[in-house]
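Fair warning: this is a prediction, and the values are worked out from it, not measured in the lab.
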Amino acid sequence: MQEIANKAGGMQSYESETPVIDDRYVLLQNLLAKRREAIAGRAGSGIEEEWTEDEEHYQGIDDANRAFQSANMLYRSRSKALLSGQQLGQQPTRSVVFLNITRPYVDAASARVADMLLPTDDRAWEIKATPLPTLSQLQLTKLAQAMQLDDQAQAQQALEQQAEQAAEAAKKMQRAIEDPLVESNWHGEVRQVIEDAARCGSGVLKGPFPVMRTARMTRQDPVTQLKTQFKVDEIKPGSKRIDFWNFFPDPACGENIHNGSYTWEREYIGKRQIKELLKDKSYDQAELLGALRDGPAKTREGTEAVHRHCDDEYEMWIYHGHCMRQQLEAMGVELDQDAEEHLPAMAVMINDRLVKAVLSPLESGEFPYDVLAWQRRPGMPWGVGISRQIRTVQRMLNGAVRAMMDNSGLSASPQVVIGNGITPADGNWSLRPGKVWRAEPASDVSDVRGAFASFAVSSVQGELMNIINFSLKMAEDTTGMPAMLQGIRGDAPQTLGGMQMQNNNATSVLRRLAKRFDDYMTRPHIRRYFDWMMTYSEDESIKGDFEIDVRASSALVERDAQQQFLMSLLQAAANPVYELDPAKLAAELCRGQRLDPKNFQLTEEQKAQRAQQGQDPTLQAKAELLGAQAIKAQADAERAQALTVGARVEAQYSAVQTAQVIEQIPGTATTADGLLRSAGAKDMDAAPIVPQASGAGEVPQVEVPTNTNPLTPANPQSPAVGMQAGIETQANDGVRY
């Protein structure tokens, strides 16, 4: 009953027949309208046709050979070939060769980017505490008064302690975020996103979203000592790759999906998965049972992916956007009294049945999706991939190769011209070696050679090969992926500096993509994880005023060029003047080579053993070296002493022998002294070893004339003088008889 005041002053009452509005039905109709809008907007943009062409070129399919790919066939390509009327297996009259260079370029680009952005034992982000502000004296005074402290020094000390606590909390927050990323196989999911972006230009990553994780634990009874295993289910955030064919953003979002009002995600599930959803209290049990009774929908909403799904699968649509408060309350969502009229929410639909509607897990209402565009498109969130960049070159190459194959087939055998009255003896008009042809009697052929001739088609293999080489060269220029990045050296210089310079120039495109990865993937994704932990984490010690530093992606691209510099630092680390840690440098070198440094580092037990020994390995090695040198010096000294004793013994033995000879033949002493003096020896005893006889013992010398002939007396001028000089005789040698 409603009461309306009468202008005459009386009160009247009447029953109003206003229709009751079903908010649940209105919410369903609004969601269906937005889904149709998103599907039509993406289809009208023309991006789906380009995706199909990119997928076909990656698989090596085009209009010429579409009907001749019997295996590994894309669904829509096969359907198009069957509907065109061309039967499978029909032999073409021209070459349909598809020399696929799109696939190796796409695979090389995605692999190269994944190696740089997803290194071993490293991350592309870091959680840091906000820097400690530098306060003036007046600000410190006011802060001390606000904190009820005695002086400014205590306020400054409180700030420093708070900074230390914030730094420790930042490390804990980083570990808390890294744990669900590892459980979600972050590297594997992001690698698939990079492959999608390289192939078709766009990759979609979803997260964080609630995931039920099951942990198995073992408990031992303290009395019976029996061990029992039990499961613990807990909700944790997760991330996963989404097929870009199943993602429908708001058509008015522009280049950033977060500028739109909503997003839709399509997922295919089976009956078993729907039955598992019945255990979740947040789903409408009656609607789920109704979907099971209805069965999978016969018509599919939106353009399907290139790979057709099973007909027994259900289409599940997930909505992220804003909903009205009264509509959410009609779905059973509990809201506060002061809640806003439009709230961020998530809704799930199966077979056009609204089976779930809850508030968004993120209080900010941000969509849990990130789109990586390989090369941006103006006004669209989708990008341009390697397949689209190389499409024109691929068509040029296919045309040149097919023309060369056709020309090769025509020029391989001559064209035969047969006149009237010439028939094959076997009745078969095909050519073969040694075949017999017969001229009919009624023919007017006088010369068979005039009625049977062959003509050869000229070969243009060289001209077509120039086009093929030109196409291969243009493939590098259009994609920005030189052959050197694919493992082909090409014309790279031989010197180390030249190779490094060309590598830096070649990776400039990849560095641009690394910055896009930081801006459009890593930063917003990790920020949403941070908001999730701040909202739902029960550990208060990890919460604080932090900032997300995305520093690794761009730096990791330069890691290859840094390896040479790190090697020089590793050599300099042996000098304590530089104060460098060789262990950290070696670990960084291992990461640069995509190796886990933990596989080469000492374990805690080995470190404890070395600590118990109390010896530095470097000092121990030096001590061992000095000990070895001392042993070697002692051995050299003993060897020298042994040589000296041996020399003295030999000298004494020689002296004894010499004395015996002199004693027997005293005249040899003078000769021995002369020999020693001629060798440069100094006579230490001036007197002769054996005294010489003098006085009566001397023999007088008598001069004997050299010429005794009386006819020729001695004459100094005579030629006979000195005729005996220079002749060696026994007399001249001093031997007497």
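- The neighbour count for I235 CD1, taken as heavy atoms of other residues, nucleotides or ligands under 6.0 Å away, does not exceed 12.
- For residues 316-330, the set of pairs meeting the salt bridge (Lys or Arg N to Asp or Glu O under 4.0 Å) definition, not counting sequence neighbours, comprises R325-E329.
- At least one donor-acceptor pair closer than 3.5 Å links the side chain of R266 to the backbone N or O of E301.
- Of the possible polar contacts, one joining the S387 side chain to the R199 backbone as a donor-acceptor pair under 3.5 Å is found.
- Ring geometry, W51 versus F244: the interplanar angle exceeds 60°, so the pair is classed perpendicular (tilted spans 30 to 60°).
- Residues passing the side-chain hydrogen bond (donor to acceptor under 3.5 Å, both in side chains) test with N256: none are found, sequence neighbours excluded.
- A cation-pi arrangement is not found for K515 relative to F517, the charged atom failing to lie both closer than 6.0 Å to the ring centre and inside a 45° cone about the ring normal.
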- Message: If you apply the rule side-chain contact (heavy atoms from CB on, under 4.5 Å), what do you find for V348 with W317, and how did you get there?
- Response: CA-CA 6 Å; V348 180; W317 291 84; over 6 Å; no
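- Taken to the nearest 0.5 Å, the CG atom of D107 stands 15.5 Å off from the CZ atom of R112.
- Rounded to the nearest 0.5 Å, atoms CG (D54) and CZ (R388) are 4.5 Å apart.
- Side chain of E50 to main chain of I47: no donor-acceptor pair is present (N/O by atom type, distance under 3.5 Å, no hydrogens or angles).
- In this structure, CD in Q192 is found 8.5 Å from CG in N185, a value given to the nearest 0.5 Å.
- Between H525 and W186, the ring planes are tilted. Angles from 30° to 60° get that label.
- In this structure, E276 pairs ionically with R272, as a charged nitrogen and a carboxylate oxygen lie closer than 4.0 Å.
- Distance alone, capped at 3.5 Å, is enough to place a donor-acceptor pair between the Y536 side chain and the P361 backbone.
- The shortest side-chain heavy-atom distance between Q389 and Y105 does not fall under the 4.5 Å cut-off.
- Partners of R527 by side-chain hydrogen bond (donor to acceptor under 3.5 Å, both in side chains), not counting sequence neighbours, listed by chain and number: E366.
- Crowding of Y520 atom OH: a count of heavy atoms from other residues, nucleotides or ligands under 6.0 Å not exceeding 12.
- Between the side chains of T303 and E48, at least one donor N or O lies within less than 3.5 Å of an accepting N or O.
- Not counting sequence neighbours, the partners of E267 by the side chain to side chain contact (heavy atoms under 4.5 Å, CB included) test are K240, E265, I269, M316, I318.
- In this structure, the ring pair (Phe, Tyr, Trp, His ring centres under 6.0 Å) partners of F247, at least two apart in sequence or on a different chain, are Y369.
- E334 CD: 12 or fewer foreign heavy atoms inside a 6.0 Å radius.
- Among residues at least two apart or in separate chains, there is no salt bridge (Lys or Arg N to Asp or Glu O under 4.0 Å) pair with a member in residues 313-324.
- Look at K206 and D370 and you find no salt bridge, because none of the NZ, NE, NH1 or NH2 atoms lies under 4.0 Å from a carboxylate O.
- Checking side-chain atoms of R377 against main-chain N and O of E255 turns up no donor-acceptor pair under 3.5 Å.
- Put simply, the side chain of S537 never gets that close to the backbone of M534: no donor and acceptor are under 3.5 Å apart.
- Panel note: side chain S184, backbone S239; a donor-acceptor pair is recorded below 3.5 Å.
- The residues R191 and E189 are annotated as not salt-bridged, no charged nitrogen and carboxylate oxygen being separated by less than 4.0 angstrom.
- Contact of the C323 side chain with the L27 side chain is registered, since non-hydrogen atoms from C-beta on lie closer than 4.5 Å.
- In terms of modelled atom types and a separation under 3.5 Å, the side chain of Y529 and the main chain of G238 share a donor-acceptor contact.
- Summarising the geometry, atom OG1 belonging to T102 is positioned 11.5 Å from atom CD belonging to E56; distances are rounded to the nearest 0.5 Å.
- In this structure a side-chain-to-backbone donor-acceptor pair under 3.5 Å is missing from R241 to L205.
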